[in-house]
Amino acid sequence: MELKVLGSSSSGNCYILDNGNEALILEAGIRFADVKKALGYNIRKVAGCLITHRHNDHAKYIKNMMENGIHTLALPDVWTAKQLTDSRAVAIQPNKGYKLGRFKVLPFHACHDVPCVGYHIMHPDCGRVLFLTDSCDCLHLFPALNHVWIECNYSTPKLIEAVSKGYTLKRQIERLPNSHMELDTCKRVLSEHDLSHVQEIVLLHLSEQNSDREHFISTIERQTGKVVYAAHPNMTIDITKY
Ligand SMILES: [Zn+2]
Ligand SMILES: [Zn+2]
């Protein structure tokens with residue numbers, strides 16, 4: 001099983017878990033033509049698509065998913081905001097389990113500036129995945145994870161520096177702590193989890209202005225002793241459970 005990153009930032013998010021026969025799409029923030037290409041033009045293998053929240057960098061192309069016959073899971077807030085009704089639109093309830101092919105998914109509450117969920121995903125080929133983005137904290141504890149894909153959007157020193165240089169609007173100093181995950185929070189969330197079975201940590205949704213890719217990777221590597229990546233477009237990671 002592979003994780004393919006099509007986009008992981010405020011300019012568009014999409015990830016695909018794919019074992020060749022079965023695939024799961026996370027987020028619909030990338031043009032469907034690019035998603036199709038990444039699937040090798042085989043849409044029939046897609047078991048479903050999971051959406052975290054209504055912001056366009058995550059849900060802009062949600063309609064294309066359903067037009068292509070893909071069952072799509074999202075909060076009722078997303079369906080209302082996008083004014084979509086479709087037999088393939090599934091209005092999810094946090095903490096309720098869903099089955100998509102051999103994928104078992106559990107949405108749980110995230111902490112963002114609009115209603116948002118993270119997902120716990122299980123598949124026999126990759127084991128247990130934690131997927132959490134656009135969330136200033138993680139309110140749940142997940143045991144025996146095999147993969148952790150978590151937002152690491154900004155660090156406070158980088159944010160202050162970017163504001164002082166005029167790269168970032170001052171009001172982000174108020175907004176970000178309540179909507180996106182800071183490096184120290186990411187460290188704390190990881191320290192609270194048992195990482196002994198974790199194969200890799202993927203940092204998601206890094207801010208262009210308010211983050212430092214290399215520093216974030218080395219900080220998390222040093223703390224966890226795990227293989228750490230910062231997601232970027234066209235990145236592919238083998239996530240087969242060993
Ligand atoms: Zn976002
Ligand atoms: Zn968002």
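FYI, the numbering just counts along the sequence from 1. All values below come from the heavy atoms of this structure, side chains included, with hydrogens, waters and symmetry mates left out. One-based numbering, in listed order, for ligands and for the atoms of each.
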Novice: Does the ring center of Y15 lie less than 6.0 Å from the ring center of F131?
Specialist: yes
Novice: May I ask you to say whether K37 pairs ionically with D34, meaning some side-chain N is under 4.0 Å from a carboxylate O?
Specialist: no
Novice: Does the pair R175/D113 count as a salt bridge with the N-to-O cut at 4.0 Å?
Specialist: yes
Novice: Does the pair R188/D137 count as a salt bridge with the N-to-O cut at 4.0 Å?
Specialist: yes
Novice: Between K226 and E200, is the closest basic N to carboxylate O distance under 4.0 Å?
Specialist: no
Novice: In terms of side-chain geometry, is the basic nitrogen of R171 or E174 positioned less than 4.0 Å from the acidic oxygen of its partner?
Specialist: no
Novice: Leaving waters out, which protein N, O or S atoms fall under 2.8 Å from the Zn ion (ligand 1)?
Specialist: D57 OD2, H58 NE2, D134 OD2, H205 NE2
